[in-house]
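Chain A is the first sequence line, chain B the second, and so forth, proteins listed ahead of strands; every chain is numbered from 1. Nothing here was measured: the structure is a model prediction, and the numbers come from that model.
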Amino acid sequence: MTTEDYLNTLNAAQLRAVMHSPDIPLQILAGPGSGKTKVLTCRIAHLISKHSISPQSICAVTFTNKAANEMRERLTKLIGIEQTNQIKLGTFHAICSMFLRKYAKLVGLDSNFTICDADESKNIIKKLLKTYRDELEAHNIVLAEATVISRISKAKAKGVTSDGLRRREKKGISRGEGRTADGSLIEQSFASIIDDVVAEIHVDYAAILRRNNSLDFDDLVLFGKQLFAEHPTVSRWCRHILVDEFQDTNTTQYELMRHIAATSRCVTIVGDPDQSIYGWRSAEVENLARMKRDLPNTQQLFLEQNYRSTASIISCSLAIVSQDKSRTPKTLHTTHPTGPTPVLRSLPYEQNESAFLASEIKRLVAYSGGMLSWGDFVILLRYNSLSRSIESALQKEGIPNRVLNGHKFFERLEVKDILAYLQLLDNPLYVPAFMRAINVPSRGIGEKSVSELLATAQRLGLSPIEVVEKIFDNTIPDIKPAVKRKLTSFVPHIRRSRTSMQKRTRPSDLIRDLLQLLNYEGYLMKTQPDWESRWDNVQELINFASQVEMGTPMLFDSDQPEDDPSEGEEWNSLAEFDQDQLEDDGIVEAQRPRQAKGKEKQTEERYERHILVSASADCSAIRDTPLRLFLQASMLSTGTEVQGNENDTEKVTISTCHAAKGLEWPIVMIPAVEKGTFPSARAEDVHEERRLLYVACTRAKALLYLTHSTARMMSGEVRPKELSEFVITALQNSQTVFTDQIPCLSASDREVLAQVLNRSSPSDAEVARKIAEYNRTTTNPWDGSAVPSSTPWFSSTYNKSAVSSSVEGSCNFLTARAASSVLQDSLKAPTTATTLFSTRGRVLNVPSNTALLQLPTAGAETASKQRKLKQSSLQQTHLHANLSSHRVPVTVYSDPKPDVVSETPQSSVCATPSTGALSAIPVVPVNAAKGKRRLGMGRTTVGYPNKKFKAPLGGGGQ
DNA sequence: GGGCCATTTAAAAGA
DNA sequence: TAAATGGCCC
């Protein structure tokens, strides 16, 4: 398809945006579903073909990898792969990272810096915070590390560097002194104590990162900004910069954008103030106005034509977002038919709510006559932990589902273990990697020895890895808890891998080799109950490495200096400038003296060029080792997008509202539309919460459901919940934006669906057949409960999530309700399989149809113990009652007795005081028949598992 | 050093 | 409710 053909598919507003003069800064305000990506890609194509701007001088910035990839795909179709790959296209972080590798020296970094992920920076800050604990306690201040992290992150988003903070540290007044007896001032001084502590931790944290030759995510942008600000020549290649989701930029990102555009001043941004939902991480909608001030000739264009949703979904969404009176008025039109009115339902309890959604999904699939399938549904949550009851409801109905962005691939322990070794090879100064690698697999080098090693390293001015090698070689004396012998399974491995790395071995082979050396699979088997899925993840990491090796499009071809080709010769000749010489002269490290500003422009540019070239050109071979490219890709890719799992398209998606931005589904369901959730109880900006609901609603193409429970389990107790005021207000303004009637999916409804989704309508016969089948196989989800009982304990559907997580391999406490259900199930499918448990060193042989309940010690001194005791005896009573009503034989054992259980032929309930703490229930029979993973016969954790047991990457649904 | 238990605490969003 | 922490013991 040529650019011209593409232009023909644009509407008038889109066309204006695409054709807009490149020299006049442009703001495209684009509502949801208005085709902004189309406009953006088309504009890029237009810049290249009609304005002869070369692709490598175009910079396109997105917020997510997903958006970047989508743009890349569309551009490839439009202008071909070759030109697309020349465009500097990526997230803010990726673009900064690439330039920082290239010009590291200019901002005082080494190009092998490691990107410090959130986990590691949390660890660092946690340690720093500990040193202030006593002091804070003395002032009666509680300072959570999350607070510190977010404050530091916010400071960085606003462009505050640790250098700026260091000055205030010198004030030298001891904290808390400025306080007077006046009560109102006390709080003030609390705040200032916290400010000081945060500032000090910030400074220390930054120093640690520098020592580790490491940057965290915020640093990438911050240092990127610094690079472009201090060295304008670095951005000379840029003729046009385009920024997507501009309403989400923070101050630092905005300034970065301005610096990249410093020469050309050609900027196109796309954004929508109504979809600004990231204020909490310092996004500034204000940047729209700021841009207009900074670039006074900026023009605005509106895209208000929506191509996604039915008219009724649009009006419902507008009814929500327009409640904000301070908002810039903006509207949405659609040519789509009205369609079924969005559903609003209240249900008594979260289980009912989940069950309603699950059964509704089933019904819609049937009543649409097969036009809809699982993959067409998304359930959008305010926050992830709401997914539990949803997941179990879907599971119970046998609906396949996946959690979008549930647990991040690169944050998994097994993946991080391997990455740690590789990071250590690439950057020996990166202490977090050292700390992890040194004792994985376990070598008996614990916290104590590690801190000893680190201290030695500091004392000798060596990297920890050098210290360890020297100890191994007898070049320096061993440390106190002798460690040399333990290093035989570490130093040789490191050396072997390092040699391999220096030969530029492919990272995937490097990993394979490492796995072998470490016998990592064996280690996982020994230590992880769910080692199989973890091993799968390791394999997935190898796949990812292979993908990177095969040349996923990099931001730029590393060796070419980006500048006007006519100047190429000069660049190349300058490339011979001796790097070491520059360093010796202190030029590379030194900050450019300010006085040169304004005058001696030419000299300055020449100077800049010297250092640019010397900082980059000569070392590109080292800079972009295969390993480094792989590590960078790992650290910058989030989520699970690595895997491109095809059968994901056949699953119902569960996602947060935030993660859903930019995406769309035929049917959207939003549970928990309640006060305290929408808006979230801890949200600072109610308007932002409203916009979040708006974003969620506007993801829907054809059908929209909002539900609400009148009671919900929160923080371990059931609390009453009220409908969200956003919805109440919308209803007050217009009764008709919602209905409590579920759509009947009549022939005309199906017609609308077919039209909006651009699918063909099924025949009436087909629909009738599907409905008949549905009626035959489906029972009412809560009437058909497996546990009929009048007691509140058993009134709702039983807790299948507890069951399934047990099957996954962990052992959990079960509620009485779940336990009785499990027991009944296992009686239906009796089994003789037994499971071994260890408690206090004893091994118990327990038939798998045995429930073990924990009871607290009878003494019960503390209030919490007493509560638990009461609850437990209540549970026991109910369990008893329920099981006897089903004529399930019950035997109750107490403490030392459980050994006997293996002899018991039928189901039993084991109750035990917590001193003997039996705390697990084996439930093999429930799902074992389906051939899924079964509870291991080997070592089993008793008690709360303190490791996470999440579904393996790519679903692995039961 | 690491396993195990009891007690405490926290509970949002992402690159 | 379940994850994290802290103390105790081997």
(message) Given a 3.5 Å cut-off on both pairing distances, which stems involving DNA chain B, each at least three consecutive Watson-Crick or G-U pairs, are present, if any?
(response) B:1-10 with C:1-10

(request) Would you mind classifying the nucleic acid contact of A:Lys126 as base, sugar-phosphate or nothing, using non-hydrogen atoms under 4.0 angstrom? (result) sugar-phosphate

(request) Answer with base, sugar-phosphate or nothing: what part of the nucleic acid does A:Glu689 contact at a heavy-atom distance below 4.0 Å? (result) base

(message) For B:dA13 and A:Ser680 - does any side-chain N or O of the residue sit under 4.0 Å from the phosphate oxygens OP1/OP2?
(response) no

(request) Output yes when A:Glu120 and A:Lys416 qualify as a salt bridge under the 4.0 Å nitrogen-oxygen rule, no when they do not. (result) yes

(message) Using heavy-atom distances to pick each residue's nearest nucleotide on DNA chain B, tell me which of A:Glu688 and A:Val450 is more 5'.
(response) A:Val450

(message) Under the rule for salt bridge (charged side-chain N to carboxylate O under 4.0 Å, His left out), what residues qualify as partners of A:Glu725, not counting sequence neighbours?
(response) none

(request) Check whether NZ of the Lys or CZ of the Arg A:Arg101 lies under 6.0 Å from the centre of the six-membered ring of A:Phe113 and within 45 degrees of that ring's axis. (result) yes

(message) Looking at B:dG2, I'd like to know if its phosphate oxygens (OP1 or OP2) sit under 4.0 Å from a side-chain N or O belonging to A:Lys448.
(response) no

(message) So that I can tick it off, tell me whether A:Arg412 and A:Asp417 are bridged by a salt bridge, with the cut-off set at under 4.0 angstrom between side-chain N and carboxylate O.
(response) no

(message) Please confirm whether the shortest side-chain N or O distance from A:Thr64 to OP1 or OP2 of B:dG14 is below 4.0 Å.
(response) no

(message) Quick check on B:dA13: is either OP1 or OP2 less than 4.0 Å from any side-chain nitrogen or oxygen of A:Asn384?
(response) yes

(message) Could you work out, with ring-ring contact (aromatic ring centres under 6.0 Å, His included) as the rule, every residue matching A:Phe63, not counting sequence neighbours?
(response) A:Phe92

(message) So, using salt bridge (charged side-chain N to carboxylate O under 4.0 Å, His left out) as the criterion, who are the partners of A:Asp244 when residues are at least two apart?
(response) A:Lys36

(message) Please confirm whether the shortest side-chain N or O distance from A:Thr656 to OP1 or OP2 of B:dG14 is below 4.0 Å.
(response) yes

(message) Heavy atoms within less than 4.0 Å of DNA chain B: which residues of residues 277-285 of chain A have one? Give them sorted by number.
(response) A:Tyr278, A:Trp280, A:Arg281

(request) Find which nucleotide of DNA chain B each of A:Ser449 and A:Ser385 is nearest to by heavy atoms, and output the residue with the more 5' nucleotide. (result) A:Ser449

(message) Among residues at least two apart in sequence or on other chains, which ones pass salt bridge (charged side-chain N to carboxylate O under 4.0 Å, His left out) with A:Lys154?
(response) none

(request) Please work out whether the ring planes of A:Tyr278 and A:His658 are parallel, tilted or perpendicular, with thresholds of 30° and 60°. (result) tilted

(request) State whether A:Arg712 and A:Glu353 are salt-bridged, where the test is any N-O pair (Lys NZ or Arg NE/NH1/NH2 against Asp/Glu carboxylate O) under 4.0 Å. (result) yes

(request) Kindly say if A:Asn439 contacts the phosphate of B:dG2, meaning a side-chain N or O under 4.0 Å from OP1 or OP2. (result) yes

